[in-house]
Amino acid sequence: MIKLLLFAQFRDQIGKQEMQFPIEGKTVKELKEILKESYSFDELDSVMVAINEEFVTDQEIIREGDIIALIPPVSGG
Amino acid sequence: MIKLLLFAQFRDQIGKQEMQFPIEGKTVKELKEILKESYSFDELDSVMVAINEEFVTDQEIIREGDIIALIPPVSGG
Amino acid sequence: MKRYSRQTLFSPIGVDGQERLRRKHVLIVGLGALGSSIAETLTRAGVGKLTIIDRDYVEESNLQRQLLYSENDAMERMPKAEAAKRRLNEVNQDVEIHSIVGDADVPLLERLAPNIDLIMDGTDNFDTRFMMNDISHKFHIPWIFGSCVGSFGSTFTIIPGKTPCLQCLLKKLPMRGQTCDTVGIIAPAVQMVTAYQTAEALKILSENQWALRNTYVTFDLWQNQTLSIKADSIKNADCYTCGHYPTYPYLQYEATTKTAVLCGRNTVQIRPATSTNCSIAVLADQWKKAGYKVSANPFLVSVLKDEHRMVLFKDGRALIHGTNDITIAKRVYHSLIG
Amino acid sequence: MKRYSRQTLFSPIGVDGQERLRRKHVLIVGLGALGSSIAETLTRAGVGKLTIIDRDYVEESNLQRQLLYSENDAMERMPKAEAAKRRLNEVNQDVEIHSIVGDADVPLLERLAPNIDLIMDGTDNFDTRFMMNDISHKFHIPWIFGSCVGSFGSTFTIIPGKTPCLQCLLKKLPMRGQTCDTVGIIAPAVQMVTAYQTAEALKILSENQWALRNTYVTFDLWQNQTLSIKADSIKNADCYTCGHYPTYPYLQYEATTKTAVLCGRNTVQIRPATSTNCSIAVLADQWKKAGYKVSANPFLVSVLKDEHRMVLFKDGRALIHGTNDITIAKRVYHSLIG
């Protein structure tokens with residue numbers, strides 16, 4: 001099981017700030033695909049992904065107990 | 001072993017923001033006494049103590065692996 | 001309402017929340033760095049009415065971190081409450097600004113409280129904060145504590161009947177001598193405290209209490225530390241302010257700081273509420289480091305600040321020489337002791 | 001130096017650090033919410049010289065969160081760079097303010113860069129940020145990214161030769177349609193971003209680089225979330241901006257957003273740097289939620305904002321009807337798309 005932290009529009013879309021997910025062993029890329037299919041998350045290409053408070057690439061493999069944050073870049077200012 | 005996080009003047013006094021301490025089993029009150037004697041920390045009466053991101057009283061017993069923060073109230077504004 | 005369109009577009013506020021903001025009356029106690037920033041944010045946000053209190057005037061050394069004030073205000077030694085009101089009126093005429101140049105003492109706070117929806121902490125001393133804490137609970141008004149010094153700051157939102165109060169957190173009046181006049185302050189630390197304070201204020205005023213933070217936040221911007229601490233478990237059922245049988249100790253005459261002008265001596269005496277055992281050595285050391293002229297013996301310490309000399313006794317009593325003005329004396333006292 | 005006494009008392013800055021601040025020249029790109037707050041803080045702090053750039057003028061809907069500006073500025077439609085300069089001069093005459101009313105394009109940034117010690121991000125779009133990122137690395141100038149929308153914000157300090165750059169973080173230009181004009185913004189979120197940005201700026205300008213944060217911070221003030229994320233491992237050795245063989249792609253003509261006035265049609269065409277596949281449905285949905293009049297078909301979406309109609313094609317190209325002015329057209333475009 002891993003914990004997914006949602007920020008900004010992802011949080012709004014799901015309506016909560018965290019979710020549990022049985023996705024250990026898969027890559028970040030695969031996680032994104034699942035999120036796209038199951039929750040119709042958009043624009044996952046430009047989202048930043050952090051595991052345990054460290055940015056990772058799409059190739060990173062997810063491990064049991066990881067805390068994964070999806071951080072959308074926003075442009076406002 | 002526990003980890004002690006130091007803020008503001010405590011940090012300045014010791015010169016680093018964390019210390020390791022073999023003090024599990026003792027109370028917060030006893031920790032304060034040790035700090036007063038060994039590091040001549042002052043005014044520990046009005047300092048706030050949090051263990052694992054939760055405020056505790058002087059009677060709280062410290063456990064292995066606890067992260068303890070000493071938070072001095074400051075008055076400025 | 002085009003003016004607030006970016007705020008009404010934010011869905012937790014919306015048009016209804018904006019209308020709720022417009023009907024609210026906020027009291028800001030103190031208009032130094034925290035208070036002036038809070039006042040500017042709430043005025044721009046369109047809160048209906050602000051009552052702002054400060055006993056001080058604008059000085060050149062305020063300009064480094066205190067929004068609202070200009071060089072001209074410092075040159076004219078404008079009272080902060082008046083200078084703030086003038087600028088706030090330029091920024092948003094919709095907001096009714098009621099300014100009070102004076103001391104936030106118990107009679108004044110008790111008179112204002114019945115009409116207030118929220119109290120914001122812009123003070124620089126715990127004397128006033130403990131009074132505000134009692135007023136908040138006696139009149140069931142939320143208040144938002146904030147403080148900072150150096151690059152370090154803290155804030156906590158206090159909701160009567162729900163969260164612990166300042167007494168539960170601190171037990172007793174701290175007296176440390178770490179003030180903006182002794183260890184300095186950088187503006188970003190102020191801004192961070194007020195960002196937290198005003199976000200919580202907008203939640204309360206737009207009636208989104210569900211979103212309140214519920215933790216004590218403390219940070220050091222230079223050291224890159226932040227902590228968010230749960231406080232529920234230290235709520236004290238026997239607390240004299242928020243417990244089952246409150247006595248509101250800081251509203252009692254005995255508990256307020258006493259001042260007396262010493263006739264013919266050009267001196268004001270200040271006697272703090274509770275007789276603390278202050279560590280004269282620690283204070284003397286801090287003042288020396290800050291560059292003030294200090295002399296001490298085991299019974300008292302004497303420090304020179306601009307044209308005033310303060311003598312502080314071990315029991316916390318202080319004499320401020322060089323003035324007959326209680327306001328000036330309190331300013332010197334709190335700037336050195338907190 | 002009495003004016004800065006509270007800042008020189010802060011020991012990591014001190015009198016020497018203050019003198020270092022005085023010798024520095026900071027470029028602030030964009031004077032909206034982030035930029036105006038940064039400009040006020042750095043001016044009050046006594047930085048020697050600021051160059052401030054903005055192409056826009058003050059509007060009523062800016063006043064809710066943009067410091068420095070008054071109702072009068074909005075009434076007179078003062079250019080932001082001029083209105084900001086006027087207020088900054090009232091606040092601190094010591095600081096030399098060089099204001100530029102115009103577009104922060106490649107030629108302008110290349111011309112300014114050789115004299116700049118630090119670049120601050122006050123923009124509202126990634127087009128400009130990717131240019132700043134290239135300029136920063138080409139001229140070895142640190143820059144401090146910041147952005148916010150709703151109650152959400154992010155910031156990261158980019159040091160050429162040391163940290164990852166914006167390209168390493170984002171890979172490509174995001175295009176999402178979440179802007180202050182579509183989902184709103186609350187002032188405390190702005191203040192929190194600028195508190196982080198200006199704290200880092202003071203470290204760099206006073207030459208305390210050892211104290212830099214080294215993490216990407218992101219927060220949501222309404223949801224009470226904060227994350228501080230290590231970024232070292234995503235520094236890309238092959239990055240075209242900060243890698244071993246940089247080409248600075250966003251400084252090339254091909255990579256800049258192209259604009260063209262369509263003669264006789266009262267229309268400006270904007271063609272973004274990289275042809276993105278924008279999700280027209282998502283954008284249309286967001287604009288509808290924000291209360292704009294929207295119509296869409298599978299190939300394009302049309303949205304009415306005040307007196308302008310924007311038509312956005314699937315390849316990212318946009319037509320802004322109702323103006324011949326490129327500045328106005330860009331403003332409409334970025335306010336709706338980001």
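Here the structure is a predicted model, which is why all the values come from computation and not from measurement. Order of the sequence lines fixes the chain letters, A, B, ..., with proteins taken first and strands second; residue numbering starts at 1 for each chain.
In this structure, CD on B/Glu60 lies 11.5 Å from CD1 on C/Ile234, to the nearest 0.5 angstrom. The OG1 atom of C/Thr226 sits 7.5 Å away from the CZ atom of B/Phe7 when rounded to the nearest 0.5 Å. Taken from CG in B/Asp12 to CG in C/Asp220, the straight-line distance is 8.0 Å, to the nearest 0.5 Å.
Heavy-atom pairs under 4.5 Å with chain B were tallied for C/Asn125, C/Thr123, C/Val190; the largest tally goes to C/Thr123. Note on C/Ile229, C/Asp121, C/Leu227: by heavy-atom pairs under 4.5 Å with chain B, the leading option is C/Ile229.
Between C/Phe152 and B/Arg11, every side-chain heavy-atom pair lies at or beyond the 4.5 Å cut-off. For the pair B/Ser75 and C/His334, the minimum side-chain heavy-atom distance is 4.5 Å or more.
Of the possible polar contacts, one joining the C/Ser147 side chain to the B/Val74 backbone as a donor-acceptor pair under 3.5 Å is found. With hydrogens and angles disregarded, no donor-acceptor distance shorter than 3.5 Å links the side chain of C/Gln223 to the backbone of B/Ala8.
Neither the backbone nor the side chain of C/Arg65 comes within contact range of chain B; no heavy atoms are under 4.5 Å apart. For B/Ile51, no part sits under 4.5 Å from any heavy atom of chain C, backbone or side chain. Contacts between B/Val56 and chain C at a heavy-atom distance below 4.5 Å involve the backbone alone (N, CA, C, O).
B/Glu54 and C/Ser233 get closest at one heavy-atom pair: OE2-OG, 3.8 Å. Residues B/Gly76 and C/Cys180 come closest through the heavy atom pair CA-SG, 4.2 Å. C/Leu169 and B/Met48 make their closest contact through O-CG, 3.6 Å (heavy atoms, listed as atom of the first residue, atom of the second, distance).
Summarising the local packing, OH of C/Tyr240 is surrounded by 12 or fewer heavy atoms from other residues, nucleotides or ligands at distances under 6.0 Å. Atom CD1 of B/Ile61 is surrounded by 12 or fewer heavy atoms from other residues, nucleotides or ligands within 6.0 Å. Within a 6.0 Å sphere centred on NZ of B/Lys26, heavy atoms belonging to other residues, nucleotides or ligands number 12 at most.
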